Colleague: 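Following this message is one structure expressed as structure tokens.
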Amino acid sequence: MTERREAPDAPAARPLDDLIATRREKLERLRAEGVEPFPHAFAGVEPIAAVRAAHADLAAGEETEARHRVAGRLIARRDAGGAAFLDLADRSGRIQLHARADLLGDERFARLVGLDLGDLVGVDGAAFCTRRGELSLRVEDFAVLAKSLRPPPDKHHGLADVETRYRQRELDLIANEDVRALFVDRARLVSGVRAYLDGEGFVEVETPVLQPLYGGALSRPFRTHHHALDRDLFLRIATELYLKRLLVGGLERVYELGKDFRNEGLSPKHNPEFTMVEWYEAYSDYSDQAARLEELVAAAAERLLERPPRVTVTPPWRRVTLREAIAERTGIDVLEHRDRGALVAAIEGAGLDLAVSERTWPQLVDDLLTKMVEPTLQEPTFVLDYPVELSPFAKAHRSQRGLVERWEAFVGGVEIANAFTELNDPDEQRRRFEAQRAEAGAGDEEAQPYDEAFVRALEHGMPPTGGVGLGIDRLVMVLTGRRSIREVLLFPAMR
RNA sequence: GCCGCUCUAGCUCAACUGGUCAGAGCAGGGGCCUCUUAAGCCCAAGGUUCUGGGUUCGAGUCCCAGGGGCGGCACCA
């Protein structure tokens with residue numbers, strides 16, 4: 001188990017202590033020999049992948065005079081008396097080093113071979129290809145760049161213990177190359193999202209994370225306290241309301257990519273802090289934004305290094321109304337059962353495994369979607385046109401009474417995005433807040449608080465606008481085939 | 001919050017129904033080896049079996065409580 005749970009007065013003489021003691025002895029030996037185990041820098045390093053690329057066509061047994069300087073972590077050693085092979089890894093890859101006592105001299109050879117797995121080492125050497133065809137560097141000079149004082153995970157089996165992988169992600173990254181690749185891909189995906197939006201004329205903005213009033217989504221917030229102001233603040237649950245005020249201000253196309261915080265349970269799909277990009281585009285509606293999302297995801301997915309992609313996200317995606325989607329799976333037309341009693345009867349008549357007690361009509365519709373439909377939506381799909389009760393910020397549907405112009409996008413059975421034709425009628429917005437206030441009064445802790453500053457902004461006039469919220473963590477999940485959000489977060493929330 | 005599963009050496013894993021069951025590989029230590037690549041060979045070492053109780057002649061194994069992790073439910077995106 002992790003060390004933080006060990007008693008501070010734990011008895012000595014555990015094997016781990018011996019391993020650490022041995023490494024510390026080596027550290028002191030280096031110092032005694034005049035070698036600085038933690039130097040300040042090592043200039044002129046080339047990525048290992050670049051060295052590989054430069055000698056991709058080298059034949060087995062071929063030697064070169066091409067000298068390269070690389071640096072990285074020592075991950076394996078095969079010692080053979082007067083010579084040794086060492087494997088060095090950097091972020092771009094790994095390369096074999098060949099050390100020979102007759103080239104380095106006995107003392108330096110012994111020092112190199114005496115290094116521990118996990119030590120950071122810099123090397124100068126000439127590229128050659130072994131008889132078995134492995135590109136290698138013949139070590140001509142080397143430097144200890146940082147001494148490692150703890151044993152690394154198993155060089156072959158890696159690190160498998162899930163708890164250790166998440167709590168000590170650095171060890172996961174050291175031991176598991178696919179994890180390293182995943183987070184590089186995540187970064188490239190985020191960069192692809194920004195590149196797409198920047199290219200379409202969107203302005204990236206930053207709005208408050210600490211808010212006097214939270215809003216823009218249905219969730220319990222985290223609460224904190226500002227001491228100088230002696231005032232409670234909330235961590236944002238969405239960027240929606242501030243971004244729409246920027247639309248009022250005339251920025252026309254804005255986006256924000258950052259963390260939201262929701263005080264809800266944890267699950268393979270939920271982390272209390274998560275990354276969301278929201279964008280708002282003046283003079284567009286939810287249909288335009290569906291096309292935007294398709295384009296954006298397809299463009300961002302192109303950035304992934306991992307091939308082939310785990311899912312096909314090439315546009316166009318399937319579009320289905322919420323009513324059709326539920327009817328397809330359950331045979332129930334929710335719009336034919338517009339009150340709670342009728343819908344309950346239909347659900348019970350269909351023999352569905354769904355708890356109906358204490359659920360309102362809109363909640364039952366949402367349950368049908370979430371439980372019966374969502375898991376089946378593997379191919380990218382837009383589900384359109386939701387009941388107004390579930391969507392306090394969406395504009396009424398232009399032709400369907402009781403519905404709003406809203407869609408959610410699903411990929412791999414996971415909801416990745418949510419969008420509306422944004423409500424810009426301040427009086428209607430005020431009525432929606434009143435309805436939410438009634439829900440809050442009735443004990444719904446996730447109901448929207450009334451945001452007067454937002455309504456007042458709308459009174460100045462917000463252009464007709466389409467807006468989208470896209471969950472970055474979930475997008476990474478579905479594009480890389482990871483089943484848990486914890487796999488795509490570097491440091492997921494742990495108890 | 002509730003339910004189920006799980007926790008053995010630094011790492012990866014063994015130990016049939018309670019009975020030489022505290023074991024292996026890797027890593028680490030000592031030795032041999034100048035083209036190996038999960039290098040190889042020889043030697044020695046390494047344990048609070050998550051923690052605390054209990055049952056039993058005997059507990060890694062069964063029971064209870066606690067802790068962590070994973071999954072499900074509830075809640076949510």
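Everything numeric in this text was worked out from a predicted model, so none of it was measured. Letters A, B, ... mirror the listed sequences (proteins, then strands); counts begin at 1.
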Colleague: Is there a side-chain polar atom (N or O) of A/Arg78 under 4.0 Å from OP1 or OP2 of B/rA39?
Modeller: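 For B/rA39, OP1/OP2 do have a side-chain N/O of A/Arg78 under 4.0 Å.
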Colleague: Is the phosphate of B/rG71 approached by A/Arg483 (side-chain N or O, under 4.0 Å from OP1 or OP2)?
Modeller: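 Result: no.
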Colleague: From B/rC11, B/rC70, B/rG10, pick the nucleotide closest to the side chain of A/Pro15?
Modeller: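 So the side chain of A/Pro15 is nearest to B/rG10.
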Colleague: If we check salt bridge (Lys or Arg N to Asp or Glu O under 4.0 Å) with A/Asp119, which of these qualifies: A/Arg73, A/Lys147, A/Arg111?
Modeller: A/Lys147
Colleague: If the C1' atom of B/rU6 is compared with that of B/rA44, how far apart are they to the nearest Å?
Modeller: 35 Å
Colleague: Counting just side-chain N and O atoms, does A/Arg495 come under 4.0 Å of either OP1 or OP2 of B/rG66?
Modeller: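 For B/rG66, OP1/OP2 do not have a side-chain N/O of A/Arg495 under 4.0 Å.
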Colleague: Quick check for you: among B/rG10, B/rC70, B/rA77, whose closest atom lies nearest to any side-chain atom of A/Arg262?
Modeller: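 Of all the options, the side chain of A/Arg262 is nearest to B/rA77.
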Colleague: Could you walk me through whether A/Arg138 and A/Glu140 pass salt bridge (charged side-chain N to carboxylate O under 4.0 Å, His left out), step by step?
Modeller: CA-CA 6 Å; A/Arg138 178 148 291 144; A/Glu140 294 168 2; over 6 Å; no
Colleague: Between A/Asp79 and A/Arg77, is there a salt bridge with N-O shorter than 4.0 Å?
Modeller: no
Colleague: Under 4.0 Å, heavy atoms only, any strand: does A/Gly265 hit a base, just the sugar-phosphate, or nothing?
Modeller: base
Colleague: Closest to the A/Arg486 side chain: B/rG71, B/rC11, B/rA77?
Modeller: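 Among the listed nucleotides, the one closest to the side chain of A/Arg486 is B/rG71.
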Colleague: Using purine N1 to pyrimidine N3 plus N6-O4 or O6-N4 for Watson-Crick, or N1-O2 and O6-N3 for G-U wobble, both under 3.5 Å, which nucleotide pairs with B/rC13?
Modeller: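 Across any shown strand, B/rC13 pairs with B/rG23.
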Colleague: Just checking A/Met276: base, sugar-phosphate only, or nothing, at a heavy-atom cut-off of under 4.0 Å?
Modeller: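 Since no nucleic acid heavy atom lies under 4.0 Å of A/Met276, the category is nothing.
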Colleague: Check every strand shown and say whether A/Phe109 touches a base, only sugar-phosphate, or nothing at a heavy-atom separation below 4.0 Å.
Modeller: nothing
Colleague: Grab the two heavy atoms, one from A/Arg482 and one from A/Asp178, that are nearest each other, plus how far apart they are.
Modeller: NH2-O, 3.9 Å
Colleague: Please measure how far the C1' atom in B/rG10 lies from the corresponding atom in B/rG71, and state the result in whole Å.
Modeller: 28 Å
Colleague: Hey, does A/Arg24 reach any base, or is it just sugar-phosphate, or nothing, if we go heavy atoms under 4.0 Å?
Modeller: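 Nothing, no nucleic acid heavy atom in range.
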Colleague: Using atom C1' in both nucleotides, what's the gap between B/rA9 and B/rC42 to the nearest angstrom?
Modeller: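 To the nearest whole Å, 23 Å.
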Colleague: Is B/rC70 paired to anything, Watson-Crick or G-U wobble with both distances less than 3.5 Å, and if yes, which nucleotide?
Modeller: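 The answer is B/rG4, by the H-bond criterion.
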Colleague: Quick check: do A/Phe274 and A/Arg262 have side-chain heavy atoms less than 4.5 Å from each other?
Modeller: yes
Colleague: Ignoring hydrogens and angles, does a donor from either the side chain of A/Gln96 or the base of B/rU36 sit under 3.5 Å from an acceptor on the other?
Modeller: yes
Colleague: Counting the atoms with a prime plus P, OP1 and OP2 as sugar-phosphate, which does A/Gly469 contact under 4.0 Å by heavy atoms, base, sugar-phosphate, or nothing?
Modeller: nothing
Colleague: For atom C1', what is the distance between B/rG19 and B/rG60, given to the nearest Å?
Modeller: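 About 13 Å, rounded to a whole number of Å.
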Colleague: If the C1' atom of B/rC21 is compared with that of B/rU8, how far apart are they to the nearest Å?
Modeller: 11 Å
Colleague: Does B/rU37 have OP1 or OP2 under 4.0 Å away from a side-chain N or O of A/Arg132?
Modeller: yes
Colleague: Across the strands shown, which category fits A/Tyr166 at heavy-atom distances under 4.0 angstrom: base, sugar-phosphate, nothing?
Modeller: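 Answer is sugar-phosphate: A/Tyr166 comes under 4.0 Å of backbone atoms only.
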Colleague: Identify, between A/Met494 and A/Asp87, the residue whose nearest nucleotide on RNA chain B lies closer to the 5' end.
Modeller: A/Asp87
Colleague: Report, as a single string ordered 5' to 3', how protein heavy atoms within less than 4.0 Å touch nucleotides 25-34 of chain B: B base, S sugar-phosphate only, - not at all.
Modeller: BBSSS---BB
Colleague: Would you kindly check if the NZ (Lys) or CZ (Arg) of A/Arg169 is within the cone defined by 45 degrees around the ring axis of A/Phe491 and under 6.0 Å from the six-membered ring centre?
Modeller: no
Colleague: Consider the side chain of A/Thr130, meaning its heavy atoms from C-beta on, and name the nucleotide among B/rC35, B/rA77, B/rG71 that approaches it most closely.
Modeller: B/rC35
Colleague: Using a heavy-atom cut-off of 4.0 Å across all strands, would you classify A/Glu134 as base, sugar-phosphate, or nothing?
Modeller: base
Colleague: Please report the distance separating the C1' of B/rG25 from the corresponding atom of B/rA45, rounded so that it comes out in whole Å.
Modeller: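 So the two C1' atoms sit 16 Å from each other.
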Colleague: Check whether the side chains of A/Trp407 and A/Gln289 place a donor and an acceptor atom closer than 3.5 Å, and report yes or no.
Modeller: no
Colleague: For A/Asp367 and for A/Ser484, locate the closest nucleotide of RNA chain B by heavy-atom distance; then report the residue assigned to the nucleotide nearer the 5' terminus.
Modeller: A/Ser484
Colleague: Could you tell me the Watson-Crick or G-U partner of B/rU34, where both distances fall under 3.5 Å? Say none if there is no partner.
Modeller: none
Colleague: Just wondering, more than 12 heavy atoms not from A/Glu170 lying within 6.0 Å of its CD?
Modeller: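 Count over threshold, so yes.
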Colleague: Under 4.0 Å, heavy atoms only, any strand: does A/Glu63 hit a base, just the sugar-phosphate, or nothing?
Modeller: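 Counting heavy atoms under 4.0 Å across all strands, the contact made by A/Glu63 includes a base.
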Colleague: Does A/Arg329 CZ have over 12 foreign heavy atoms under 6.0 Å away?
Modeller: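 Count not over threshold, so no.
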